[in-house]
Amino acid sequence: MKARDDVNPGSVRLRVERRNRLLGAMADHELDALVLSRPENVRYATGARQLWMSGTRPVGPACIMVRATGQVHLIDVSDEGLPPELGHDTILGRPWDPGLLLAALRSVPGFTDATTIGTDTSSPGLAKRLRAVAPDANVLDGGPAIWAARTTKTADEIALITAAVTIAASSLEAMTDALAPGVTERELLGVHLEHIASLGAPIAPTEGVVCVTPHSGPVALRRVASDRQARDGELAVLDPGAMVAGYEGGLGRTRSVSRMTTDAQRDLATRGRTALDALLAACRAGATGADITHAWRSTSEPLPSVPLVHGVGLGVEPPVIGPGIGDEAVLTEGSVLSVTSWVAEPGVGGHLERDFVVVGAQGPTVLSPGNTDA
Amino acid sequence: MVLLGTSAVSYATGAAAPGADSSRAELFRPVAIVVRGDPAPHLFTPYPDGAPDELPADHLHDPLYPDVESGGVRVRDALTQLVDPRARVVVDEVTHPMAGVLGPFDLGAAGPLLGPAKVRKTSDELACIRIAQHINERAIADVQPMLRPGVVPSSLTAAFLRRIFDLGAHSVGIDPIWQVMPSSLAEGPWTSNGDVAFPAHDPDRVYRDGDVVWVDTSVHYQGYASDFGRTWIAARDPQPSPRQRSQFRQWLDVLDAALDECRPGATGGELCRAATAAAGGRRPWMDHLYLAHGIGTDLGEMPMIGTDLGEAFDDQLVLEPGMVLVFEPVIWDDGHAGYRSEEVTVVTDDGWASLSSYPFDPYEPVQ
C-alpha cells in the first residue's frame, strides 16, 4: 500500500471540480475575489502541494481567486508541486516586504476592480491592506462561499478520505502490535508516525493519538502524548489519523495493554460502542447539533468534554458539535463527519471509539474498515 | 491581549497542545487572554492536560472554538468577563465569527507587542532550543547513513519521525525536507525570482547515486523549535568532488565572516555585508529567504536578516544578547548544484555561541 500525497487518478478532475465549485459559490455569494490565508483553503483552490508546517499560520494573503477571470494566484516562489494545469503566471512570489506584497496583489488581473472580496479569516489591518489594492472593495466573510463549496464531498474526495482511513487502520494495527507493558505514549506516537510515513503519507492530522488510562482513580482523556508507560491490564486509547492529498481519515479504538480483557472492561466497551452507535444513527442530513447531543444524552452516558462530531475533508471542518458548541449546526447530505464516543469508569479506565461517516439522505455510511472491536 | 496563533499561545501560556495540521490547529485551537496586571494568563483549551502545572485553576477554561459560528460569542463573553468594554484589546487574528460580535471592543494588532517580547531568549528558552536541537541532531545521525541510491524520501521521514519521539521530542515542526538539488537553475524547478527553488520537495523522488540533497528538519521541545540543515550526497560511500569541497569551504568562509561580526551592537546590515564580501560580492543566500532568521516558538521569527525588507531594515536591526540566529547561507555554483547548511547560534554578552553541534560529513568527514 502506497499513497502518493498529491497525485491520484482523479486528481485533475478533482482540482477542476473544486475550482468550479468555488467559482460557483463566489457567484452565488456575490464575491468578486477570494483572499485565502489558510493552507487547507489554498489547497482546495489550487491543488498545489505546500510545505507542511505544524499549527496555525499567520494571517495574510496566500492565494487569490478572481471570479471575472476564473484564475487562481499563489503567493509562492517555485512551481514544484504546482498542478500542471496551472501556469507560471499563477506564482506571484512570496515577499516579506508588505509593500512588495501589495504590488504582487496589484498585478493580479481583475483584482484591483473587485468590489466584494471574501477572506477566510482576518486580522486588524487586513481589510485596510486589501482596500489599498482594491479601493472600491467591501471586505467580507468568505466563509459562507467557501463552505458552500467544500462541505459536500465529491466521489473523488470520499475515495481519498477512505484511502486515508485505510492508512490509519493499518497504523492502528501497528500501534496495537507495539502496545505492551512499559511502552510509553510518546513511543507509540513514534510508531504511528513511522508507519504512516512508510506508507507514503507522512502528515499526521494530529499527534494526539494515544492515551493510556489508569485502572484506578479518576479517568480523563488526554491528548498530549507523554512519557507515561502503559501498565499491564490498563486500557489504551489508540486514535490514529492520516492524510492523503490533504484529505483526512482516521479511526479510534481502545485496546487492553495485556490483551486480556476483564468483564468490567468489556462492559465499558459495550457502553462506548452503544453510545457511538447512537451518535452514528443520528448523523442524518438535516439533523442539527442539538439532535446529536440529544442522541448522546439518550444513552444516559455523561456528556464527554470532547466534541462528539466534527466535519472532515481537507482536515478538520465545521461543524463542531459537542458540549456547549454547535447546537444550531445542520448536517449536510454528502458531508463527511468524524464521530467520537468517550466513556470512562473509575477503577476500569476509559474507552474511546471514533468512526468516519458519510451523511446520506437514507442515513450514515461508515467509512471505517472491517470489524476492529476491542 | 487575545492570542489565537499556535506559537503565540504557546509563548504566552506555556501550554502544550498536540502537534496538528493547520485545519485542526484552527478549529480546536487553545486561546490565551492575557490581562495587564494579572500575573497569570487565561487559557481556554480543548487540551486541559497540556496546561502548565503553575496555571491557577481559575485561569484554566473550556475551549472557545472561535472559528465556528457560535464560537465568536464565546470569545466575546470570555473577554467581557475579564476586561472592561472600553479596554484596549490587541489580537493576532480575528476570525469572522469573532468579527461579527466584538464590535464594541477597540481591536489592535498583537504583533508589535509579541515580536519584541519574544526576540531575546531567557536562559530557560535557550535550554529548550538546545534540547530540541539535540534531539533533532541525534535522530538525524541515525537517518544520514540511510541516504543511499534507490531509497525514497519517505523512508528517511519514517525513520526520523520514529526516532525523535523515542528521544523525547514533543512535536514535529515541519514535514522533513530531503530535497534533491538540480545541477543548474535551468533544470528547474522554475522560480518567480530566478533563484534556487528551495524548499521545493518532491516526496516521491528515488535517490540516485551522487544526488546532492539539501536537508531541513525541525522538531519541538516544550514549544520551542529546532532547525537542522545540511547538504548530503546520496551514495554508499559519499565522497564530495574537489569542486563540491570548494563549495563547502566557501560556505564556511561566508559563515565565519558573518559570525566574526556577530556580537551585541552589531547590525544585521553589517552581517549581510560581511557575508557578501566573503562570497566575492554576490549575496550568498536565496532572494526569497534570508542570511539568518530567529527561532523560538516559531521556526522562523524576528530577527530576520537579509530579507527583501531591504538594507535600511537590516541596518536598524541591532543584535542583543539572547537573540538566537539561524544562519543559512547558500553557495550556488550553477552547473554543479551548491552547498547549504544551517548553523544555530545565540548572541552572547561578547560574541556568539553555537547551539548546534552536528558534523558537516561528508564534506568535512568526522575525525
Side-chain angles (χ1 to χ4, degrees), chain A residues 4-5 38-40 51-59 77-81 88 91-97 100 121-125 141 143 186-187 189-191 193-194 197-198 200 202-203 205-208 220 222-225 243 306 310 314-320 324-326 328, chain B residues 5-7 16-29 47 49-50 62 65 68-71 91-96 99 107-109 154-155 157-159 161-162 165-166 168 171-175 189-193 197 199-204 288 299 304 307-310:
Chain A
R4 276 194 65 148
D5 184 50
R38 297 184 164 185
E40 57 279 9
L51 173 64
W52 184 88
M53 299 182 77
S54 181
T56 63
R57 303 282 182 98
V59 179
V77 177
S78 91
D79 67 354
E80 176 68 54
H88 287 164
I91 306 282
L92 298 175
R94 194 178 50 223
W96 302 94
D97 181 337
L100 294 175
T121 186
S122 195
S123 67
D141 181 1
R186 207 169 272 141
E187 286 166 346
L189 169 58
V191 168
L193 292 172
E194 177 187 43
S198 71
I203 306 303
T206 172
E207 293 170 5
R222 293 171 296 106
R223 288 297 194 179
V224 181
M243 292 185 131
V306 296
H310 65 77
L314 286 173
V316 177
E317 300 180 353
V320 176
I325 193 81
E328 74 294 338
Chain B
T6 303
S7 60
D21 179 62
S22 58
S23 62
R24 183 178 298 261
E26 290 152 7
L27 265 76
F28 297 151
R29 64 170 95 230
Y47 311 111
D49 51 309
D62 288 338
Y65 302 112
V68 301
E69 206 174 318
S70 52
V91 293
D92 58 348
E93 178 166 353
V94 183
T95 65
H96 287 294
L107 297 182
S154 58
S155 300
T157 298
L161 296 180
R162 172 68 177 268
F165 285 104
D166 286 350
S171 70
V172 179
I174 60 170
D175 183 22
W190 175 90
T191 57
S192 59
N193 58 6
H201 179 45
D202 177 359
D204 297 306
H288 50 280
L299 173 55
M304 291 185 182
T307 65
D308 61 18
L309 291 164

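In this text the structure is predicted, and so the values were computed from the model without any measurement. Every chain is numbered from 1, with letters handed out A, B, ... down the list of sequences. Values below: every heavy atom of this structure, side chains too, minus hydrogens, waters and symmetry copies.
Remark: B:His288 NE2 to B:Ser192 OG distance equals 8.0 Å, nearest 0.5 Å.
Of all the listed residues (B:Ala25, B:Gly50, B:Gly71), the one sharing the greatest number of non-hydrogen pairs under 4.5 Å with chain A is B:Ala25. Between chain B and the residues A:Ser123, A:Gly190, A:Pro318, A:Gly208, the largest count of heavy-atom pairs under 4.5 Å involves A:Gly190. Comparing A:Leu193, A:Ile91, A:Ile325, A:Leu92 by how many heavy-atom pairs each has under 4.5 Å with chain B, the most go to A:Ile325. Taking chain B as the reference chain and counting heavy-atom pairs below 4.5 Å, the highest number among A:Pro319, A:Ser54, A:Pro39 is found for A:Ser54. Interface check for chain A: of the options B:Pro199, B:Gly108, B:Gly5, B:Ala159, the most heavy-atom pairs under 4.5 Å are formed by B:Gly108. For chain A, the option among B:Gly19, B:Ala197, B:Ala99 with the highest count of heavy-atom pairs below 4.5 Å is B:Gly19. Contact count versus chain B (heavy atoms, under 4.5 Å) is highest, among A:Leu100, A:Val59, A:Asp141, A:Val306, for A:Asp141. Ranked by non-hydrogen atom pairs under 4.5 Å with chain A, the options B:Ile174, B:Leu161, B:Asp308 are led by B:Asp308.
Proximity to chain A is absent for every atom of B:Ser155, based on heavy atoms less than 4.5 angstrom apart. In this structure, chain A has no heavy atom under 4.5 Å from any part of B:Asp62. Using a 4.5 Å cut-off between heavy atoms, B:Val68 touches chain A through its side chain atoms alone. When heavy atoms are compared at a cutoff of 4.5 Å, B:Ala17 approaches chain A solely by way of its backbone atoms N, CA, C and O. When heavy atoms are compared at a cutoff of 4.5 Å, A:Val191 approaches chain B by way of both its backbone and its side chain. In this structure, chain B has a heavy atom under 4.5 Å from the side chain of A:Leu51, while its backbone stays farther away.
A side-chain N or O of B:Glu93 and one of A:Thr121 form a donor-acceptor pair less than 3.5 Å apart. Between A:Glu317 and B:Ser23, the side chains place no donor N or O within less than 3.5 Å of an acceptor N or O (distance only, hydrogens not considered). For the residue pair B:Thr6 / A:Thr56, a side-chain donor-acceptor distance below 3.5 Å is found, with atom types taken as modelled.
A search for side-chain contact (heavy atoms from CB on, under 4.5 Å) contacts involving A:Glu187 returns A:Val183, A:Thr184, B:Asp166, not counting sequence neighbours.
Considering all non-hydrogen atoms of both residues, B:Pro189 and B:Ala200 come closest at CG-CB, 4.4 Å.
Distance alone, capped at 3.5 Å, places no donor-acceptor pair between the B:Asp175 side chain and the A:Trp52 backbone. Judged purely by atom type and a 3.5 angstrom limit, B:Asp21 has no side-chain atom pairing as donor or acceptor with the backbone of A:Gly315.
Using a 30° and 60° split on the angle between ring planes, A:His88 and B:Trp190 fall in the parallel class, below 30°.
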